[in-house]
> 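Below is the structure I would like to discuss, written out as structure tokens.
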Amino acid sequence: MLFACATLVGVAHAFDPGSMSPSEAFRTGYAAYKKGDTSQAIDALNYAASKGHAGALWKLGQMYATGDGVTKDDSKALKMFSQVADDYADGNPHGPDAPFVADAFVALGTYYQRGIPGSVEADVDRARRYYLYAASYFGDSEAQYQLACMYLNGTGGDKSPRQAARWYKLAAEKGHAGAQAQLGMLLFQGVGVARNPIKGLMWLSIARLTGRGDPTIQSKHEEAFSAADETERRTALALAEDWMAHKDQNQSADAQ
């Protein structure tokens, strides 16, 4: 689909894989990373990645994308995320590799949305396709949020506030604070959906609780709160508290 992965960085010196499986090497590398042993981590992750391990490729991509323990290199990160997308796009959307693959698609969407100076030109159409795939096939909340933003602004394709509201809602229900705030504003203002100030303020209240300290979310909430009447405020707050309580109960049940 995109790029073949280039030769992976580093020459093994402290890490001896022996008869280790790619999964064992990934666990070894991740454990070394958590302990701050970057050299051991990269060697083990490189070995697992050379065998096509999705998690190892993803982790190395993340490290290069952020400069975490290595020299920041967006081109290398892009190649690793691309291999994950190429090799695992049709994998089990609920399997153990799914979070790595979904995040790789989101990372690719982000790279193509903004481009890489001197290396990759921005391609918003392509970015939208990556977000759409991760949003629909893997149900990834960040991809759903980013796709909704593109629909809302008409970036990379048709402008559709209605579709934006749909994707924001899917991400909001998964606990994505940004999507909760955006959905709340659309409902409060009646953009793309029938105006519902109570539901709008409810989602904005949930977003403020979920994304504590986020100044953008706080500003959106205060704007709607000041425009609502007292009955709308009380009702919305009660609904938000009820939603949060049910979310906490569901999380507790899932953990048991």
Side-chain angles (χ1 to χ4, degrees), residues 1-2 54-55 57-68 74 77-78 80-86 88-116 120 122-157 160-161 163-186 192 203-204 206-217 220 243-244 247 250-251 254:
M1 178 166 52
L2 295 168
L57 284 161
W58 169 83
K59 184 58 185 175
L60 285 168
Q62 287 286 312
M63 292 172 74
Y64 280 115
T66 59
D68 181 10
D74 287 316
L78 180 68
M80 291 176 187
F81 291 135
S82 296
Q83 185 173 341
V84 177
D86 287 345
Y88 293 92
D90 298 326
N92 182 351
H94 306 293
D97 290 330
F100 305 130
V101 184
D103 194 77
F105 271 97
V106 172
L108 290 169
T110 301
Y111 274 127
Y112 280 101
Q113 190 170 11
R114 71 188 186 202
I116 300 174
V120 175
D123 185 341
V124 292
D125 293 349
R126 194 173 192 177
R128 186 158 164 168
R129 292 196 298 272
Y130 282 126
Y131 289 139
L132 176 60
Y133 191 80
S136 55
Y137 188 77
F138 291 100
D140 183 88
S141 63
E142 179 63 20
Q144 290 168 342
Y145 170 74
Q146 294 294 342
L147 180 62
C149 291
M150 296 188 91
Y151 269 118
L152 186 63
N153 298 314
T155 307
S160 175
Q163 282 294 324
R166 172 179 174 261
W167 288 109
Y168 280 138
K169 188 172 190 296
L170 288 170
E173 289 172 341
K174 294 183 176 76
H176 193 291
Q180 291 165 347
Q182 285 294 101
L183 176 62
M185 289 302 294
L186 294 184
W203 279 113
L204 283 160
I206 292 168
R208 186 162 183 171
L209 292 168
T210 304
R212 292 181 187 279
D214 186 309
T216 301
I217 291 175
K220 288 178 185 294
W243 191 92
M244 293 295 291
K247 177 176 175 286
N250 290 337
Q251 288 178 338
D254 291 341

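Bear in mind the structure is a predicted one, so any value in this text is a computation, not a measurement. Values below: all heavy atoms of this structure, side chains included; hydrogens, waters and symmetry mates excluded.
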> Say whether, by atom type as modelled, one donor and one acceptor occur between the side chain of Gln180 and the main chain of Trp203 under 3.5 angstrom.
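No: the side chain of Gln180 does not pair with the backbone of Trp203.
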> Where the side chain of Tyr64 meets the backbone of Leu78, is there a donor-acceptor pair that is under 3.5 Å apart?
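A pair under 3.5 Å: no.
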> Which heavy atom of Ile217 sits nearest a heavy atom of Ala181, and at what distance?
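Ile217 and Ala181 have their closest heavy atoms at CG1-CB, 4.0 Å.
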> Using 0.5 Å steps for rounding, measure from the CG atom of Asp103 to the CZ atom of Phe81.
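Atom-to-atom, Asp103:CG and Phe81:CZ are 6.5 Å apart.
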> Measuring only between side-chain heavy atoms, which start at C-beta, is Tyr168 closer than 4.5 Å to Leu186?
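In short, these two side chains touch, coming nearer than 4.5 Å.
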> Where is the tightest heavy-atom contact between Trp167 and Ala148, given as atom of each residue plus distance?
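Trp167 and Ala148 have their closest heavy atoms at CB-CB, 3.7 Å.
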> Which atoms form the tightest heavy-atom contact between Gly192 and Pro161, and what is the distance?
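Closest approach of Gly192 to Pro161: CA-CB, 3.7 Å.
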> Report the C-alpha distance between Lys220 and Gln182 in whole Å, list the side-chain angles of each, state the deciding distance to 0.1 Å, and finish with yes or no for side-chain hydrogen bond (donor to acceptor under 3.5 Å, both in side chains).
CA-CA 9 Å; Lys220 288 178 185 294; Gln182 285 294 101; 3.1 Å; yes
> I want to check something: taking the side chain as every heavy atom from C-beta on, are Arg128 and Thr155 in contact at a cut-off of under 4.5 Å?
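Heavy-atom side-chain distance check fails, nothing below 4.5 Å.
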> Do Val124 and Met150 touch side chain to side chain, with heavy atoms closer than 4.5 Å?
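The answer is yes; the side chains approach within 4.5 Å.
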> Rounded at 0.5 Å granularity, tell me how far CG in Asp123 sits from CZ in Arg129.
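These two atoms lie 6.5 Å from each other.
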> Has Tyr131 got a side-chain atom pairing as donor or acceptor with Thr110's backbone, closer than 3.5 angstrom?
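Indeed, once roles are kept as given, a pair shorter than 3.5 Å links the two residues.
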> Report yes or no: is the cationic atom of Arg126 (NZ for Lys, CZ for Arg) under 6.0 Å from the centre of the six-membered ring of Tyr111, at an angle within 45° of the ring normal?
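No; the conditions do not both hold, so Arg126 does not lie above the ring face of Tyr111.
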> Who pairs with Asp74 by salt bridge (charged side-chain N to carboxylate O under 4.0 Å, His left out), at least two apart in sequence or on another chain?
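If we apply the salt bridge (charged side-chain N to carboxylate O under 4.0 Å, His left out) test to Asp74, skipping adjacent residues, the hits are Lys72.
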> Nearest heavy-atom pair of Thr210 and Ala177: which atoms, and what distance?
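Residues Thr210 and Ala177, closest heavy atoms: CG2-CB, 3.9 Å.
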> Find the distance between CZ (Arg166) and CD (Gln144) and round it off to the nearest 0.5 Å.
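Arg166 CZ to Gln144 CD: 8.5 Å, rounded to 0.5 Å.
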> Yes or no on side chain to side chain contact (heavy atoms under 4.5 Å, CB included) for Phe138 and Val101, after CA distance, side-chain angles and deciding distance?
CA-CA 9 Å; Phe138 291 100; Val101 184; 3.5 Å; yes
> Minimum heavy-atom separation for Ala85 to Leu108, with atom names?
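Smallest heavy-atom distance, with atoms named: CB-CD1, 3.6 Å.
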> Mind listing the closest non-hydrogen atom pair of Trp58 and Ala104 along with its distance?
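Nearest pair, atom of Trp58 first, then Ala104: CD1-N, 4.3 Å.
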